Each structure stands twice: as C-alpha cells, then as structure tokens.
**Q** 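Input: one structure, supplied below.
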Amino acid sequence: MNERDSEHMIAELQEKENYELTSDSTEADLILINTCSVRERPVHKLFSELGAFNKKKKENAKIGVCGCTASHLGKEIIKRAPYVDFVLGARNVSKITEVLHKPKAVEIDIDYDESQFAFSEFRGSQHKAYINISIGCDKSCTFCIVPKTRGDEISIPTDLILKECERATQAGVQEIFLLGQNVNNYGRRFSGEHEKVNFTELLRRISAIEKVKRIRFTSPHPFHMDDEFIDEFASNPKICKSMHMPLQSGSSEILKMMKRGYSKEWFLERAAKLRLMVPNVSISTDIIVAFPGESDKDFEETLDVMRQVRFEQVYSFKYSPRPLTEAAEMSNVVESELGSERLAYLQGLQNSITDEITAGYVGEIFEVMFEETREGGYIAGRSDNNVMIKVQADESLLGTFAKVKVTKNGRMAQIGEILA
Ligand code: SF4
C-alpha cells in the first residue's frame, strides 16, 4: 500500500508541480520518505535516514516525511528533526501538493476522506497496476497500529475502481493488483451514496474487462473468507491462484487475545477448502511469534498449522509492542530470547517445507508473465500461482506471457526455459 501511496504522490507532483523523479538524492529539490510503522525497526531507521539525507541534500531542497509513522508521530518528527519541511499522514496523500507550499505543515487527520479523490496517473510498472480498493481498517487486532494511522475503513466507489482498471489496461497493463487492509471486506462502507458491491462482485466486474489478463489482491482477512468468495476465486480463470491468508497465530487462545475474529479450526477448514477446490493454489501467510502470553503449547499450535497447511511462503516476525495498541499494555510478555528461539525454529521448519515444495517444481510447466530483468541475462516473472521463475531471454519479452518449464530449483526463484 505504501508503494501505491508513493506512486500517487509522484503522480500528483509530476502532474501539478512539474517535478521529475531522480535516483540521486543530492540532486533532488524534494526528498520524500514514505514510512511504515507496523514494526519498530523502520521507525528507528527513519531518524538516521533523515539525518543522512539532510547532510547530503542540495541547499534549499525540501524534506517531507509521509506514511504511517508520519500519522503516528506527527509534529514530534519536526521537533526531533527541525529541518523536516512537512509531515504528511498515510490518510492524507492527496494533500501532497498543498503541504509542499506550507512551511512546517503537519497534515495527519485520520478521519480525512480521500476515497473519491481522482489521483493523477503514475505507475512504476508498465505491466502491473496496483489499485487501491479501500482505505483504513475497521478491525482492532490488539498488536496492530494501522487503524490508528490509516483510520476507519472506507471502500473506494466501484465505478472509480473499474475506470482505473480500464485506464491501466488501455495503457498496456496486463495484471491488476487490488490493495486494501482487508480486501474481502470491500463494500462494507462507502462515503456517500454508492451501489453496494461486495468483493466477490467487484472481482467479477473487473474480470469482465476484456483487456484484464490477471487479477491479484492483498490482503484478504481469513474471517471474511466465505464460500461465495472461495468459489469465485476457484472458478474465475482471471484470478491468480495465490492467496495470502494472514494466520498470525495457530493458537485459538492467542487469536482471541489478538482479536482476530477466527479460530485455528476455522483457518484450517478454509485453507483445506481452498486446497481442495484449487489444487495448484499457493498459500502464503504472516505469523507473529512470542505474542504476550504465548506458551510452548500455543507455539506448538502454530507449528501444527504450518505442518497441516504447508504454506508456500511465510512472513514471520517476533512480536514487538507498538504504541497505541492494546497488546502493548499486556503484562505477560514473552522473554526476548525465547521469542528469538521460537522464530528461528519456525523459520527452519518453513525452510524445509519450502525446499520440499520447490523441489517438486522441477519438470513442471507454468505460464509466466515476464516483469523484470535479472543479472546474468535473465528475465523473471511470476506464474499464476506466484512461483517466481527466471529464464535466459531477451528483455523484449517483458510484459508477455510464455509457457516455461522449470529446469532447476532455487529458494528465491526457479530457473526455467521457455517452451517453443
Ligand atoms: S486487520 Fe488487523 S492486522 Fe490487518 S490492518 Fe487491520 S488491525 Fe491491522
């Protein structure tokens, strides 16, 4: 979502203020740092990065801090780094051209409604278009700061999303990538009078656009994975067969403490249904270890879900308390060393599962859309079910589809050859 927010800011600055992108910060007239606050480390990094940019920047160049840490820390940022020219929250992206002209502006209103703002066009990729379908989040997961930095959930009107899909595909985009904190809660609340369309119906309407070749989305919430949604996912050939299902914990007790709204059994049943209906589906997940109160038994439950579901990919983290969250007040903290041990064990288990899964790719044939160049004369792209594959080929094939046979297995990318 931050990547798309950055694209929106670039678009507005190019269109309305005549800025151009540069990769050399010492040449820049404006330096924007778009921040994340989901975990602790990037927040600490912000101030060291700011110091480094300030030292090297051109005289009179402006520095702006944007994103979730901007929403969360607000004017504190200017207090700690007085050379920062403005602070722009994650829910105020459309005001980028305003804050630019307001010295020391701090725009961080999390009730601000930009769900109907028509952003100018800029895309980092010619082949793939990120499209926001909602802003904010209505959930209250006890570990998560996002509802405090991105505000309540508002869906973007369906007609605006469809227009954006049309515009992107007219410009040559093949793959639409829908973004939201809980995409499958789409349609719950719009700002103003709009046709009530749910996520499943939105997927149907987007896939009816002829030039759309592939649809991906992130993140669906396991709680909202009803049968209608899974049926559409399984039967619609334009929907890529990869699903991100953020588990967070495999223990129903911990899930309750996290206020996730589902149990271990619900998650396992939904994942099993997906595997049954879409045999080639790849399922990825997020896991937090050492949440307050997590016992050895709770941790074992998480490992049990991993062994049963056999995720293709796991993003795992050790819990770190975030400000403004309920969990930060919980007293039954898990010792840091134990948390690290659990994380290492879990990652080891996942590595062995990933190795087994990817070993099975050798000899398989996948349809790949080539998206990027790689060192050594390779181009790389993803299969429908999200397997990253690289082949020795000319970059004129970027943006095209081809059937590729995997010849060599790797953890980060498979190596293959294009079938004639
Ligand atoms: S669903 Fe939970 S984890 Fe995801 S953004 Fe909302 S509060 Fe955070």
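It should be emphasised that the depicted structure is a prediction, and the values quoted were computed from it without experimental measurement. One-based numbering, in listed order, for ligands and for the atoms of each.
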**Q** What residue and heavy atom of the protein are closest to atom 8 (Fe) of ligand 1, and at what distance?
**A** Cys144 SG, 2.3 Å
**Q** Please could you name the atoms of ligand 1 that Pro147 approaches to less than 4.0 Å, counting only its heavy atoms?
**A** 7 (S)
**Q** Check this for me: does any side-chain nitrogen of one of Arg214 and Glu367 sit under 4.0 Å from a carboxylate oxygen of the other?
**A**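 No.
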**Q** Provide the number and element of each atom of ligand 1 under 4.0 Å from a heavy atom of Val146.
**A** 5 (S)
**Q** Please determine if Glu253 and Lys297 form a salt bridge, counting it only when a charged side-chain N lies under 4.0 Å from a carboxylate O.
**A** no
**Q** Identify the closest protein heavy atom to atom 2 (Fe) of ligand 1: which residue and atom is it, and at what distance?
**A** Cys141 SG, 2.3 Å
**Q** Look at atom 4 (Fe) of ligand 1 and say which protein heavy atom is nearest, naming residue and atom and giving the distance to 0.1 Å.
**A** Arg260 NH1, 4.4 Å
**Q** Does a side chain donor of either Ser284 or His244 reach within less than 3.5 Å of an acceptor in the other side chain?
**A**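 Short answer, yes.
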**Q** Does the pair Glu335/Lys318 count as a salt bridge with the N-to-O cut at 4.0 Å?
**A** no
**Q** Tell me, which protein residue and heavy-atom name are nearest atom 5 (S) of ligand 1, and how many Å apart are they?
**A**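 Closest protein heavy atom to atom 5 (S) of ligand 1: Gln181 OE1, 3.5 Å.
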**Q** Specify whether His221 and Phe223 have parallel, tilted or perpendicular ring planes, treating 30° as the upper limit for parallel and 60° as the lower limit for perpendicular.
**A** perpendicular
**Q** Given Ile283, which partner from the list Leu247, Val314, Val309, Val278 fulfils the side-chain contact (heavy atoms from CB on, under 4.5 Å) test?
**A** Val309
**Q** Suppose we measure from atom 6 (Fe) of ligand 1 to each protein heavy atom; which comes out shortest, and what is that distance?
**A** Cys137 SG, 2.3 Å
